Amino acid sequence: MSERTCLAVVLAAGEGTRMRSSLPKVLHPVGGLPLIGHVVRSVAAAGSDNVAVVVGPDQDAVAQAARAEVPGASVFVQTERLGTAHAVLAARDALAAGHDDLVIVFGDTPFVSPEAIAALRRLIADGAAVAVGGMRPADPTGYGRLIMDGERLVAIREDKDTTPEERTIGFCNGGLMAMSGALALDILDAIGTDNVQSEHYLPDAVAIANDRGLTVSAIEIDEAQVFGINTRGHLATAEARFQAARRTAAMAGGATLVAPETVFFSHDTQIGQDVVIEPNVVIGPGVTIEDGATIRAFCHLEGARVAGGAVIGPFARLRPGANIGADARVGNFCEIKNADVHEAAKINHLTYVGDADIGARANIGAGTITCNYDGSSKFRTIIGENAFIGSNSALVAPVTIGRGAYVGSGSVITKDVPDDALAVGRGRQVTKPEWAAKNRAKSVSKKA
Ligand code: UD1
Ligand code: CA
């Protein structure tokens, strides 16, 4: 198919009223990626030479989300929402450039697959003027119905325009359409507004092409691939389906998920072989867990890398820039942000490490805090290999603790500590023999 050129138009100008949200519908995330991001990724993967995104007025954020995935996407604004055909025509300049195939995809169908798009393009290559992706949802209410005459698709009737008889049809418009690039503008320009909603319906392209004696084809696509999100309920269903697929893929790749239904992935999560993930783990965007790492129960990770043999948690939080080396340990109630934790270093209990470099095999005692922020700027803490930080120490950055150095428990360290030195920064202990006993005796005699 690569010899045929293709323009993909992604419609994303709808108001998404049914979401009841101040955020445009297509910016709601599934697996941490906006719906529109999923869609433009798929159309690009299907081999579209050009991607055009149609957005509503003041929807720069939608355009940006699309361009984050496909930087070359062109953006067109539909100033008035007059229907799906009207929206396609907002990209008239892109259509006029002349492509062999035109593919139209809705921005609210995140699971549209490159294979489904390719199947529709094949129908156009075989001579169809219009090709429609049909589906058989459990409940057809709300969808356009495909009116078939044997193998031939005669028309699409929107739910609101159906007769009671048409309403019983289970074969529905999945919203995915391909058209011959040479004929598309002519057909789209002929679409009127003679329907209950007085909108320019894209599905009317089917009846118009038929009237002109052109070939119109429909194929059935798995409902899961054209699942459209109109409500928060649909969004939750999409998230559940996405997570189920990711869990299956992680396990197929050789990871153990002890309780798969309690582990949550992002669209870009990378999980190696022999990774073990215990129950109740949430993984945000930008996380890589390498072969043989273990994530124990109740951890939250985002923007982090965990190398092989490292053990995280239980109850640990890795924030963006946490880079955990091989065989390192990050234990309960530890938070790591923007820090390189080198091989076999141990940060086992109740610790905050931010903007830091922790040398290999260093031991960070319970309750250690890197004081990285002075209220306006952030500073780095450098801890050398094999250093030992005693419990309950505050390391006031910028500060460097040398290799093999030792910090006494309860220290507040404000100056650099040389390699192999001992630093103690705390009040000296004062011990007064018999003081407590004498004090007790004094209060007894007072009462008498
Ligand atoms: C649409 C189809 C219906 C199909 C269903 C599948 C039409 C008229 N109906 O209905 O046959 O069964 O999808 O999910 O096409 N949009 C614009 N500008 C507009 C209107 C819509 O850009 O003026 C965009 C929306 O952002 C959305 C897409 O087009 O991404 C579809 O619009 P939506 O209102 O969700 O259509 P449905 O009612 O779902
Ligand atoms: Ca929809």
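In each ligand, atom 1 is the first atom listed, and ligand 1 is the first ligand listed. All residue numbers refer to positions in the sequence shown, counting from 1. Source: prediction; values computed, not measured.
Of the candidates Ile382, Thr370, Thr381, Val399 forms a side chain to side chain contact (heavy atoms under 4.5 Å, CB included) with just one, namely Thr381.
Atom 32 (O) of ligand 1 has as its closest protein heavy atom Thr84 CG2, 4.0 Å. The shortest contact between atom 13 (O) of ligand 1 and any protein heavy atom is with Phe106 CE1, 3.1 Å. The closest protein non-hydrogen atom to atom 12 (O) of ligand 1 is Asn173 O, 2.7 Å. Of the protein's heavy atoms, Arg18 NH2, 3.6 Å lies nearest to atom 34 (O) of ligand 1. Atom 10 (O) of ligand 1 has as its closest protein heavy atom Glu158 OE1, 4.3 Å.
Taking 3.0 Å as the criterion, Asn230 counts as a coordinating residue of the Ca ion (ligand 2), since one of its N, O or S atoms falls below it.
For a threshold of 3.5 Å applied to N or O pairs, the pair formed by Val226 and ligand 1 contains no separation below that value. For the pair Ile156 and ligand 1, the shortest N or O to N or O distance does not fall below 3.5 Å. Of the N or O atoms in Glu80, none lie within a sub-3.5 Å distance of an N or O in ligand 1. Polar contact with ligand 1: present for Gln78 (N/O pair, distance under 3.5 Å).
Across the listed options Gly14, Ala90, Gly228, Gly14 owns the non-hydrogen atom lying nearest to atom 26 (O) of ligand 1. Distances from atom 20 (C) of ligand 1 to the heavy atoms of Ala87, Pro203, Gly83, Gly56 put Gly83 nearest.
Donor-acceptor pairing under 3.5 Å is recorded for the side chains of Arg152 and Asn210.
Ligand 1 does not have Cys172 within reach: every non-hydrogen atom of the residue lies 4.0 Å or more from it.
At least one test fails for Arg241 against the ring of Phe111: distance under 6.0 Å to the centre or angle within 45° of the axis. Annotation: cation-pi pair Arg247/Phe264 present, NZ/CZ under 6.0 Å from the ring centroid and within 45° of its normal.
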